Amino acid sequence: MNIDILVWCFLIALGLAVFTIPFLPSKLKALTAFFLVLILAIASSFFAINVLNGKPIEAIFYGGNVFGTIPLRIDSLSAWFILMVNFTVVNGALYGIGYMKSYSDQKSNSAFHWILFVLLHIALLLVCLVQNGLAFLIAWEIMSISAFLLVIFEHSKPEILKAGMNFLVQAHIGVVFLSIGFIGVYFSENSFDFISIAAFFSHHSPRWIFLIFFIGFGLKAGFIPLHTWLPHAHPAAPSHVSGVMSGVVIKMGIYGILRVITYLKTDFVLLGEAVLILSIVTALYGILNAAVVRDFKRMLAFCSIENIGIIGIGIGLGMIGKGINNQYLMLIGFAGALLHTLNHSMYKSLLFFTAGNIYQQTHTRNMEHLGGLIKKMPRTAIFFLCGSLAIGGLPPFNGFISEFLIYSGLLEGVKSDNVQFSSMMMICMASLAIVGGISILTFTKTFGTIFLGSPRVDLHHHPKEVSLIMQVPLFLILLVVLIIGIFPNLVFSPALAVAANLSGTTVALSEKILSVSPTMVMAGRVSLLFIILAAIVFYIRSRTLASKTTEYTPTWGCAYVAPNVRMQYTAKSFSKSFAKLFSSILIEKKRYPEIISTKIFPKTRTFHSNYMEFFENNFIANINKRIFAFMNSFMFINNGKTQMYVLYGFFFIIILLVATFLNVV
């Protein structure tokens, strides 16, 4: 098999997208993009599956004097991410066919949007293939810019454009760090080939270069404090783009970190502990913010940060395991990280697509304005509930499998004879348990506020269930989520093989590793049995009551006879007590003071509050203020006087002449 075929597929697909989509009727633009994405997915998945079952594939291209040789390689790590990218992007394109119908009047904008969607898919695949530093940066830039342009689809809205620019600026800060890393390796090894990174690490300390690469890739992944673009960009994008952004775009940061780890030679324990600690903090910080925000897409964005932290915990465990020569810890850690990367891409795209259903029908992202949608959108409610259970790590859904592996790795660390190391593992395990508990709180609040109770405000039009084309991808994702949860060996065995290649070892299937699989299978199938029993009981109940008259009466209001929808629990009231426990991090901004408890007959007033993002409010905002203050000190140059501008030109010419005379230029 030759990767040249895949490259030609990329070029042909992009050419077809550019030269056909703009000229097609509105109904066919999205459909054409979907088929192009599907063809790319089939072609690249064929190579990826063969690599997972056999040997890596490599092709070398010559890029001239600038690039030198450009190797395209598909190894097991690339193959894992290629399959994940394809599944998520294909479902995103399918969902987008229905979602974008409401924008069919924007013909040129829609055409550009779908061309960019195809380009983003190609760029994501190239990031997994290209292993030349300069060519990789170009693919990385194409991915970032196409994602930026997809995010700002509704660019006429100032908040959307601001979120997109925030993402673009931070993406380019990441590129700066990646460029420094690749150039640093080039000056030492005289090559941009990724293999030269391994050569660099073999005779240099990896700490600084690893840190530089980690910052560059971590900005894309969303590790704190490099995460501040993510809670703005994900809610701003159309929901099918949000699903792809959270499902796979941020995972390219994880791919980059894992790729660099494959070349490490020393300092595994030190770097692994640093990654582990940062990841625990990231997971806790992400879920704390998710628990209190009332914009449901922003809430999902913070949950992405939390899950990036969980993936990082697995990576840290794998690195530590390799450093202390504990193969079980190494394989379980890396396999857990890989599986959680895959699982998160599925259930998070499922949740973002259901969020898109809600937004399309209600035109609001504020959960305080919603309620009772389970009666109007029952299938969307079921999909959202299943996604919530999966992200909470509950069986028989796939989130349980990867989190179980990571817990198993932490438990292995607790058994260590080193008291300090064992204590750190215990703290990490407790922190991960807290994250799981807060995640349940977050999605209980969200599901209850949006789908249960009664509508809190009168919407402009009545919500209804979305079209079938928007439900099909949700069903496909949920089906795979359940299959992984019930039959985990389908993905656990390949993940172990990828983890072994990642760590440069062969899989030694010890009894300890083999004992993990039956436990996961048993948990998934027992949980499935309980769900089936509950469904049978519900079916019998519904059949029994079908012939009887059903009477609906108001909920008992403790003798109060004039209830209204404002008496329901809100998302704010649900999480207020929790938020006060972490008030030093979850900073609440209030428009008006709260009603004092001693006021018996308070006057009518309105009250508005929102939670400020800690790092953005305390660090990024201060940096921005200093930058603006510095730039404003040069405002005297832009004074509006034509004669001064002519004088600037004159001085520039004089300086240029002097520099030429002195052979400076």
Side-chain angles (χ1 to χ4, degrees), residues 1-15 18 40-41 43-48 50-51 55-83 85-86 118-147 171-172 174-202 209 212-213 216-217 220 248-249 251-253 255-263 501-502:
M1 292 183 297
N2 200 325
I3 302 182
D4 294 4
I5 299 171
L6 198 55
V7 175
W8 279 109
C9 286
F10 293 163
L11 294 173
I12 292 168
L14 183 59
V18 171
L40 287 172
S44 55
S45 296
F46 175 77
F47 282 90
N50 277 282
V51 168
K55 296 181 180 180
I57 303 172
E58 180 177 359
I60 304 295
F61 292 86
Y62 182 65
N65 295 328
V66 176
F67 293 94
T69 57
I70 303 176
L72 300 183
R73 301 188 183 104
I74 305 180
D75 57 8
S76 59
L77 182 62
S78 298
W80 183 270
F81 278 86
I82 285 170
L83 292 173
V85 165
N86 287 336
V118 175
L119 180 61
L120 176 63
H121 188 199
I122 294 170
L124 287 165
L125 294 174
L126 284 173
V127 166
C128 298
L129 289 171
V130 175
Q131 293 197 16
N132 172 286
L134 288 181
F136 177 86
L137 287 174
I138 292 173
W140 190 266
E141 273 285 78
I142 294 170
M143 176 187 70
S144 298
I145 293 172
S146 56
H172 281 87
V175 168
V176 169
F177 279 94
L178 293 178
S179 300
I180 293 171
F182 285 123
I183 291 170
V185 172
Y186 176 80
F187 279 137
S188 173
E189 307 302 323
N190 199 32
S191 173
F192 282 110
D193 193 317
F194 279 15
I195 295 175
S196 62
I197 301 174
F200 179 89
F201 286 154
S202 65
I209 287 292
I212 289 169
F213 276 121
F217 289 121
K220 186 68 71 183
V248 290
V249 172
K251 302 306 188 326
M252 292 300 101
Y255 167 77
I257 292 169
L258 289 172
R259 177 62 67 191
V260 174
I261 288 171
T262 61
Y263 303 125
N501 292 333
L502 185 66

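Note that this is a predicted model, so its numbers are computed, not measured.
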Quick check: do Asn86 and Ser44 have side-chain heavy atoms less than 4.5 Å from each other? yes
In short, Gly184 meets Phe200 closest at the heavy-atom pair O-CE1, 4.3 Å
Heavy-atom closest pair, residues Cys128 and Ile82: CB-CG1, 3.8 Å
Rounded to the nearest 0.5 angstrom, the CD1-OH distance for Ile209 and Tyr263 is 14.5 Å
Under 3.5 Å, is there a donor-acceptor pair between the side chain of Ser202 and the main chain of Ala199? yes
When rounded to the nearest 0.5 angstrom, what is the spacing between CD1 in Ile122 and CG in Leu11? 8.0 Å
In Å, rounded to the nearest 0.5 Å, how long is the span from CZ of Phe201 to CD1 of Ile261? 10.0 Å
Any side-chain heavy-atom pair from Gln131 and Ile197 closer than 4.5 angstrom? no
Do the rings of Tyr255 and Phe81 sit parallel, tilted or perpendicular, given the 30° and 60° boundaries? perpendicular
Crowded around Phe10 CZ? As in, over 12 foreign heavy atoms under 6.0 Å? yes
Just verifying a value: how many Å separate Leu125 CG and Leu6 CG, rounded to the nearest 0.5 Å? 7.0 Å
In Leu40, Leu14, Asp4, the residue satisfying side-chain contact (heavy atoms from CB on, under 4.5 Å) with Cys9 is Leu40
Taking the six-membered ring for Trp, are Phe194 and Phe182 ring centroids under 6.0 Å apart? yes
Taking side chain as C-beta onward, heavy atoms only, is Val130 less than 4.5 Å from Trp140? no
Between Asn501 and Asp75, does the side chain to side chain contact (heavy atoms under 4.5 Å, CB included) criterion hold? Intermediate values first, please. CA-CA 9 Å; Asn501 292 333; Asp75 57 8; over 6 Å; no
Shortest non-hydrogen contact between Ile212 and Gly181, atoms and distance: CG2-N, 3.7 Å
Verify, without hydrogens or angle tests, whether Ser196 (side chain) and Phe192 (backbone) share a donor-acceptor contact under 3.5 angstrom. no
Met143 side chain near Leu120 side chain, heavy-atom distance below 4.5 Å: yes
Interatomic distance, OG@Ser146 vs CD@Glu141, rounded to 0.5 Å, equals 10.0 Å
Would you say Thr262's side chain and Arg259's backbone share a donor-acceptor pair under 3.5 angstrom? yes
Which heavy-atom pair separates Ala13 from Val118 by the least distance, and what is that distance? O-CG1, 4.3 Å
Run the side chain to side chain contact (heavy atoms under 4.5 Å, CB included) test on Val127 and Lys220 for me, step by step, so that the C-alpha distance in whole Å, both residues' side-chain angles and the decisive distance to 0.1 Å come before the verdict. CA-CA 13 Å; Val127 166; Lys220 186 68 71 183; over 6 Å; no
What residue among Val85, Leu129, Ile142 forms side-chain contact (heavy atoms from CB on, under 4.5 Å) with Leu124? Val85
Nearest heavy atoms of Asn132 and Pro71, plus distance in Å: CB-CD, 3.9 Å
